[in-house]
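As structure tokens, the structure follows; a few thoughts come after it.
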Protein chains: 2
Amino acid sequence: MADSDESSARVTVRTITDLARLAGVSPGTVSRALAGKSLVNTRTREKIEALAREHGFRPNQMASGLRRQKTGVIGVVIPLGHDIRQQISDSFFMTLLGHLADELTTHGYDLMLRRVVPESDPDWLDRFIGSGMIDGVIVIGQSDQFERIEDVADGYRSMVVWGNHTEGQRHCVVGTDNRLGGRMAAERLIAAGARRLAFLGDTGPMEFAARFAGAQDVAARMGLPAILPLSTHLSPDRASAEIAQHLAEHGRNIDGIFAATDTLAALCLTELRAQGLAVPDDVKLAGFDDLPIARQTVPPLTTVRQDIAAGARGLVDLLLRRLAGEATESFVLPPELVVRETA
Amino acid sequence: MADSDESSARVTVRTITDLARLAGVSPGTVSRALAGKSLVNTRTREKIEALAREHGFRPNQMASGLRRQKTGVIGVVIPLGHDIRQQISDSFFMTLLGHLADELTTHGYDLMLRRVVPESDPDWLDRFIGSGMIDGVIVIGQSDQFERIEDVADGYRSMVVWGNHTEGQRHCVVGTDNRLGGRMAAERLIAAGARRLAFLGDTGPMEFAARFAGAQDVAARMGLPAILPLSTHLSPDRASAEIAQHLAEHGRNIDGIFAATDTLAALCLTELRAQGLAVPDDVKLAGFDDLPIARQTVPPLTTVRQDIAAGARGLVDLLLRRLAGEATESFVLPPELVVRETA
DNA sequence: GATTCTTTTGCAAACGATTGCAAGATTCCT
DNA sequence: AGGAATCTTGCAATCGTTTGCAAAAGAATC
């Protein structure tokens with residue numbers, strides 16, 4: 001009696017059973033009270049809640065997850081393709097991740113982050129899904145794993161992917177219309193006076209391939225020569241040298257560059273300057289993403305904007321609807337041309 | 001007999017018990033086999049492993065976690081102080097996060113990410129720790145939550161913090177010697193000819209306060225006037241206007257600016273140019289972090305480098321040692337001055 | 001071949017929360 | 001007051017793995 005009051009402060013209450021003992025009820029009742037179910041008497045509930053607060057008690061999520069067969073955790077996985085370090089400093093992915101974290105939190109989910117190297121771990125996606133730790137998964141970027149994702153999608157519904165949409169694909173994807181974005185960039189370069197275009201970046205990843213294809217569409221339609229692909233790694237240290245090399249070789253033969261990302265465009269700008277090529281007078285330049293850096297280059301970058309926040313909202317929204325059993329279509333975001341001073 | 005072979009392909013094996021039935025052994029044995037324990041006969045183990053592989057079976061981590069009282073997950077939490085959106089695009093934090101993900105993965109841990117707003121959720125840290133979902137926690141940035149972190153540290157050992165080290169503090173921290181870094185920056189500005197210095201950034205967060213204090217040390221020692229603090233938000237949209245305002249007001253009275261981060265320095269560079277102030281001729285400028293952007297500004301930024309990768313390694317290393325029961329000291333990284341062209 | 005040691009296995013009790021079912025306590029009607 | 005209807009509560013099984021203990025099987029010893 002008085003005993004329970006006196007000792008209550010120093011007893012550690014770790015489990016729902018401890019709390020039940022303290023409150024003089026059964027564990028089941030405590031569980032129901034804390035879950036806010038209507039089946040428990042208001043007075044009892046308040047008493048239990050007060051005790052829980054007093055002792056800083058929180059139900060163990062592992063146990064709860066096990067019993068309810070859901071964890072309240074969404075997995076976010078970034079497959080690192082060819083270029084292992086590619087995304088580490090890629091602010092596009094990181095920004096998307098930040099928005100995802102916010103969006104998931106808002107909906108009461110936690111976020112479990114995993115970066116994987118598919119090449120050395122072919123089983124990456126099944127492993128994550130099969131771990132029993134996550135209710136669903138968001139894949140950030142298809143990298144070169146399109147087929148594997150397709151395979152998984154057939155048997156697992158709780159997945160959405162950031163990336164490129166291809167006609168007839170079976171996994172649910174959210175992403176910008178890269179091909180259209182590519183067209184916009186090329187059209188702008190041409191409108192600014194460029195005729196001999198180059199594409200800077202790796203055309204392996206689907207998103208980039210689509211951007212390149214879009215630009216090609218325009219060049220072909222306008223009767224211009226085919227666009228010259230200048231392949232580059234994404235990590236800044238390797239990219240700079242490669243870009244310098246490309247420019248030394250082709251710089252005088254081209255007058256318009258469409259860079260696969262703003263990050264590459266910014267590096268390219270530096271190299272152009274180093275080689276004495278004026279932007280936009282000698283060479284027009286367009287990027288992709290509209291990252292913060294695009295405003296800060298000199299001159300500021302003309303680029304194609306992706307609405308990252310909207311993308312994150314779309315991903316989470318679609319995933320939650322799939323968790324609820326709904327069938328969902330892919331969601332393609334419109335790109336937007338942002339004209340600044342490089343083209 | 002033949003039955004088990006024929007049906008084995010189409011039976012779904014979700015639990016260790018399913019697999020045990022298939023292998024004709026008890027669940028306990030399967031568990032031991034999969035855990036690679038020496039107590040199980042090599043032949044049985046191989047048979048079980050083969051079956052597991054064939055059916056793509058993975059033990060449920062929730063159940064395992066519950067039973068073993070450890071989850072294999074490390075929580076990473078980013079407290080968002082005054083300025084809610086401050087870190088969203090702050091590539092410093094994001095880069096650190098990337099390295100942490102790599103480092104934790106290497107050691108077999110998963111990463112659970114949480115961004116919290118302490119102001120609206122005073123209980124953020126206990127909630128995370130008490131959730132039972134994580135074996136330990138890494139706090140990225142002390143923000144304005146120093147005291148709360150100290151409180152928690154008294155009762156919870158499995159925590160390390162990225163941030164500033166203060167004499168006599170009780171939580172284990174990894175971070176750059178910000179004060180020393182601040183001294184380096186100020187010394188460089190002065191060596192480059194600056195005499196009337198300003199500090200650009202919010203001096204609220206401890207790290208920034210220490211950088212400011214370091215710069216003050218030098219100014220005082222050299223008999224220069226006190227450094228003018230120019231308070232700024234970190235989010236790029238608000239920061240630009242604020243910087244412009246500061247420069248309009250004080251731009252002609254100062255000849256050296258120490259920016260709290262490279263991001264701010266880059267924005268500042270843009271505004272300086274807009275207001276017709278030449279760098280480094282009229283005004284010297286130094287940043288902090290040595291983010292990729294520091295190389296790409298025009299002119300490239302003189303800055304103080306933090307070794308982010310080493311920081312991530314240190315955080316994980318210390319945390320793992322604490323999980324193992326070791327007592328650990330805080331770990332202070334040396335900053336490094338990188339002289340480029342702005343000072 | 002009997003006895004003692006090792007290996008290898010199975011049994012069953014945890015881990016901590018949730019929930020269907022049924023019993024006990026209240027309330028409401030007539 | 002008696003009985004039906006409604007609220008609250010407790011009981012006990014369950015989620016899927018792990019692990020101490022003891023039994024069974026095999027190997028080694030005399």
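Predicted, not measured: the structure shown is a model, and the values here were computed from it.
Checking each of B:I74, B:V316, B:L319 against B:H107 for a side chain to side chain contact (heavy atoms under 4.5 Å, CB included) leaves exactly one that passes, namely B:V316.
With sequence neighbours excluded, no residue forms a salt bridge (Lys or Arg N to Asp or Glu O under 4.0 Å) with B:D151. Residues passing the salt bridge (Lys or Arg N to Asp or Glu O under 4.0 Å) test with B:R114 are A:D110, sequence neighbours excluded. Qualifying salt bridge (Lys or Arg N to Asp or Glu O under 4.0 Å) partners for A:E49, counting only residues two or more places apart in sequence or in other chains: none. Residues that satisfy the salt bridge (Lys or Arg N to Asp or Glu O under 4.0 Å) test with B:D317, not counting sequence neighbours, are B:R321.
Among the protein residues, A:V30 comes within range of no part of the nucleic acid, since none of its heavy atoms lies under 4.0 Å from any strand. Within 4.0 Å of A:R32, counting heavy atoms only, lies at least one base atom of the nucleic acid.
Evaluation of atom-type donor-acceptor distances gives a pair under 3.5 Å for the side chain of B:R67 against the base of D:dT18.
For B:N60 and D:dT14, the CG to C1' distance is 14 Å, given to the nearest whole Å. D:dG16 atom P lies 16 Å from atom CE of A:M133, rounded to whole Å.
First and last contacts of DNA chain C with chain B, using any nucleotide atom under 4.0 Å from a protein heavy atom and ordered 5' to 3', fall at C:dT8 to C:dG16.
Both B:V40 and B:L66 lie near DNA chain C, and the one whose nearest nucleotide falls closer to the 5' end is B:V40. Nucleotides of DNA chain C nearest to B:R68 and B:L39 differ in position, and the one nearer the 5' end is that of B:L39. Take the nearest nucleotide of DNA chain D for A:G24 and for B:R58: the residue whose nucleotide is more 5' is A:G24.
Annotation: side chain to side chain donor-acceptor pair (under 3.5 Å) contacts involving residues 56-69 of chain B, sequence neighbours excluded, comprise A:D123-B:R58.
For B:S64 and D:dG16, the shortest distance from a side-chain N or O to OP1 or OP2 is not below 4.0 Å.
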